[in-house]
Amino acid sequence: MLDPKFIRNHLEEAAAILAKRGVTLDVEKISAVEERRKKIQTHCENLQQESKTRAKNIGAIKAKGGDIEPLLKEVGDLKQQLTQAEADLAAVQQEWESLLSSIPNFPADEVPVGKDENDNVEIRRWGTPRTFDFPIKDHVDLGADLAQLDFEVAGKITGSRFAVMKSSLARLHRALIQFMLDTHTSEHGYQEVYVPYMVNKDSLFGTGQLPKFEEDLFKLQDEREFYLIPTAEVPVTNLLRDEIVDEKVLPLKFTCHTPCFRSEAGSYGRDTRGMIRQHQFEKVELVQFVRPEDSEQALETLTSHAETILQKLGLPYRTVVLCTGDMGFSSAKTYDIEVWLPSQNKYREISSCSNFRDFQARRMKARYRSAATGKPELLHTLNGSGLAVGRTLLAIMENYQQADGSIEIPAVLRPYMGNLEVIRRA
RNA sequence: GGAGAGGUGGCCGAGUGGCCGAAGGCGCUCCCCUGCUAAGGGAGUAUACCCUAAACCGGUAUCGGGGGUUCGAAUCCCCCCCUCUCCGCCA
């Protein structure tokens with residue numbers, strides 16, 4: 001959520017900034033609602049004040065043994081007005097709230113203005129895509145030939161966009177999770193956390209998935225209205241919802257492995273082959289809570305932490321900064337890290353690292369007590385995948401494939417694989 | 001699933017209808033005292049919103065969440081959520 005004060009006082013400026021994202025702010029409507037709100041709120045609070053004083057009066061008179069009958073009569077009418085005014089206020093506040101909460105974050109000044117992913121700007125590349133002296137296969141064929149990756153049986157068990165892995169491939173998948181968590185905890189200073197995979201509406205509102213993006217989520221058929229998490233970002237970031245932490249504990253850095261569940265509504269026909277886009281996938285997430293003045297630098301280091309994983313795995317990648325039109329709803333600035341996929345002959349997203357500034361924190365009321373002012377201030381939140389495990393696995397399969405269809409295991413993973421060096425068909 | 005006890009400020013904890021945004025303690029901030037440290041004395045210290053150019057002042061709301069009774073609710077009633085104890089069941 002954006003700062004309501006800023007929206008009120010600099011409405012035109014806000015509209016201009018959001019126009020860079022291709023978002024049109026309904027300036028007329030916002031100022032109309034705001035004007036109405038102001039009127040109703042003042043009216044309502046005046047009535048409240050009046051009835052409060054009268055109630056106190058009655059108490060005082062009664063204590064002295066006086067006659068309160070005339071006062072009671074007077075108060076009755078006032079109460080009726082008040083009930084109406086309170087209802088009006090609640091309605092207009094809700095309207096204002098829903099207007100405000102559906103406005104996306106301001107992009108950072110340095111974010112390139114653009115329409116879609118074609119306007120994203122490459123920042124750097126690492127590694128050189130390997131040249132193969134044999135006909136390459138994609139991960140689907142590699143996995144099938146190894147008899148260790150099966151989409152058909154997953155389709156039977158559940159449906160499309162699910163996978164079954166077996167044997168060494170399943171172990172490699174697990175090894176990746178351990179490797180990523182170990183790297184982030186022991187080399188990058190993150191605290192590992194384990195969190196619920198189902199969350200309530202408040203949490204999803206806090207990170208910005210609700211109310212706008214409900215169709216991307218799996219909702220449980222249960223009166224409690226829980227949702228399966230689409231990313232660990234939701235439970236982990238909400239660790240600090242409604243909290244005020246001491247400035248001394250900052251920055252807080254959490255890493256967390258969870259499955260992620262996405263309905264992928266609206267992506268029919270996209271990436272239908274293979275593991276790129278699944279309803280269920282594993283991810284190791286990085287989340288940081290920092291002071292506002294530190295968030296810009298924190299995004300750089302967080303991104304480098306994710307890149308480290310690819311470097312250690314020897315997977316070529318490039319990092320792009322998303323343009324204004326391609327950024328997520330809550331983000332002020334996002335770097336996507338894209339790994340090289342030989343079968344597609346291009347780079348594909350494997351991590352997305354974002355600085356949300358105070359946008360999520362305002363929705364969540366996640367604050368810290370500033371040492372300077374002694375007052376609670378909004379935190380800045382950041383997160384990034386470090387990395388998406390399924391996509392990392394398939395990148396390894398494709399980049400490390402050998403002429404006979406076997407897959408070499410990157411050296412850093414071998415300790416997690418009982419020192420196995422190559423995955424072959426059993 | 002059954003029975004019971006609870007949820008109050010950064011933390012602990014008192015408060016069963018008006019004098020309560022809330023005693024007391026801890027923590028924190030400032031001041032005094034002290035050669036240093038420790039101890040001691042004093043003052044201050046919730047959050048959000050409205051009002052304001054802003055600050056002060058002022059106003060309103062908030063004692064797990066929602067609804068109700070009442071002129072008036074932290075306090076009474078109803079529903080829900082959460083925590084704890086005991087029993088049952090269970091990975």
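Both backbone and side-chain heavy atoms feed into the values below; hydrogens, waters and symmetry mates do not. Letters go in sequence order (proteins before strands), and every chain restarts at 1.
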Checklist entry - With both distances under 3.5 angstrom, what nucleotide forms a Watson-Crick or G-U wobble pair with B/A91? => result none
Checklist entry - Atom NZ of A/K56 to atom C1' of B/G72: distance rounded to whole Å? => result 10 Å
Next on the checklist: With rounding to the closest Å, how many angstrom separate the P atoms on B/C19 and B/G72?
Outcome noted: 14 Å
Next on the checklist: My understanding is that a pair needs two contacts under 3.5 Å, Watson-Crick or G-U wobble. By that rule, which nucleotide pairs with B/A38?
Outcome noted: none
Next on the checklist: Taking only the P atom of each, what is the distance from B/G27 to B/A39 in whole angstrom?
Outcome noted: 9 Å
Checklist entry - Does B/G9 have a Watson-Crick or wobble mate here (both distances under 3.5 Å), and if so which one? => result none
Checklist entry - For the pair made of CD1 in A/I244 and C1' in B/U45, what is the distance, rounded to whole Å? => result 13 Å
Checklist entry - What's the CH2-P distance between A/W96 and B/C49, to the nearest Å? => result 12 Å
Checklist entry - Given A/R161 and A/S267, is the side-chain contact (heavy atoms from CB on, under 4.5 Å) satisfied, shown in steps? => result CA-CA 11 Å; A/R161 294 205 191 280; A/S267 64; 3.8 Å; yes
Checklist entry - Is the closest basic N to carboxylate O distance between A/E225 and A/K219 below 4.0 Å? => result yes
Checklist entry - Which whole-number value in Å describes the distance from A/I58 CD1 to B/G17 C1'? => result 14 Å
Checklist entry - So which one's nearest nucleotide on RNA chain B is more toward 5', A/K38 or A/K248? => result A/K248
Next on the checklist: One thing to verify: whether A/E50 and A/R54 come together as a salt bridge, which I'm taking to mean a side-chain N less than 4.0 angstrom from a carboxylate O.
Outcome noted: yes
Next on the checklist: If you assign A/R8 and A/G59 each to the RNA chain B nucleotide with the nearest heavy atom, which residue ends up on the more 5' nucleotide?
Outcome noted: A/G59
Next on the checklist: Could you identify the nucleotide paired to B/C56, looking across every strand shown and requiring Watson-Crick or G-U wobble geometry with both distances under 3.5 Å?
Outcome noted: none
Next on the checklist: Please report the distance, rounded to the nearest Å, between CD in A/Q94 and P in B/G66.
Outcome noted: 13 Å
Checklist entry - Taking atom P in both B/C26 and B/G66, what distance in whole Å separates the two? => result 34 Å
Item to check | B/U75 to B/C90 separation - C1' atoms, rounded to the nearest Å | outcome: 40 Å
Item to check | Span that lies between the C1' atom of B/G9 and that of B/A14, in whole angstrom | outcome: 13 Å
Checklist entry - Can you tell me how far C1' in B/U8 sits from the matching atom in B/A46, rounded to whole Å? => result 12 Å
Next on the checklist: Does A/M198 have more than 12 heavy atoms from other residues, nucleotides or ligands lying within 6.0 Å of its CE?
Outcome noted: no
Checklist entry - Think A/R367 has a side-chain N or O under 4.0 angstrom from the OP1 or OP2 of B/G10? => result no
Item to check | Distance, rounded to the nearest Å, where A/M1 contributes CE and B/A48 contributes P | outcome: 13 Å
Checklist entry - If we take the P atom in both B/G35 and B/G44, what is their distance in whole Å? => result 28 Å
Checklist entry - Is the distance from OP1 or OP2 of B/U47 to the nearest side-chain N or O of A/R369 less than 4.0 Å? => result yes
If you restrict it to nitrogen or oxygen atoms, what contacts under 3.5 Å exist between nucleotides 53-60 of chain B and the protein, and what is each distance?
| unit_1 | atom_1 | unit_2 | atom_2 | d |
| --- | --- | --- | --- | --- |
| B/G59 | N2 | A/E45 | OE1 | 3.4 |
| B/U60 | O3' | A/Q48 | OE1 | 3.4 |
| B/U60 | O2' | A/Q48 | OE1 | 2.6 |

Next on the checklist: At 4.0 Å (heavy atoms only), tell me whether A/R37 reaches a base, stays on the sugar-phosphate, or touches nothing.
Outcome noted: sugar-phosphate
Checklist entry - Which part of the nucleic acid, if any, lies within contact of A/P4, taking any heavy atom under 4.0 Å across all strands shown: a base, the sugar-phosphate backbone alone, or nothing? => result nothing
Checklist entry - Considering Watson-Crick and G-U wobble pairs with both distances under 3.5 Å, what does B/A43 pair with? => result B/U29
Checklist entry - Paired with B/G4 by Watson-Crick or G-U wobble geometry, both distances under 3.5 Å: which nucleotide is it? => result B/C84
Item to check | Rounded distance (Å) that lies between atom C1' of B/U62 and atom CG of A/D242 | outcome: 13 Å
Next on the checklist: Whether A/R37 and A/E34 form a salt bridge (side-chain N of Lys/Arg under 4.0 Å from carboxylate O of Asp/Glu) is what I want to check.
Outcome noted: yes
Checklist outcome for this item: Pairing partner of B/U69, by Watson-Crick or G-U wobble and under 3.5 Å for both distances, is none
Next on the checklist: Whole angstroms only, please: what is the CD-P distance between A/Q93 and B/U62?
Outcome noted: 13 Å
Item to check | Flag side-chain contact, heavy atom, 4.5 Å: A/S370 against A/Y368 | outcome: yes
Checklist entry - Strictly by modelled atom types, are A/Q84 and A/Q80 linked by a side-chain donor-acceptor pair under 3.5 Å? => result no
Next on the checklist: Going by purine N1 to pyrimidine N3 plus the second Watson-Crick contact, or the G-U wobble pair, all under 3.5 Å, which nucleotide sits opposite B/A23?
Outcome noted: none
Checklist entry - With a 4.0 Å cut-off, would you call A/D358 and A/R362 a salt bridge? => result yes
Checklist entry - Is there a side-chain contact between A/C44 and A/L47 (heavy atoms, below 4.5 Å)? => result no
Checklist entry - How far, in whole Å, is B/G58 from B/A38 if one measures between their P atoms? => result 38 Å
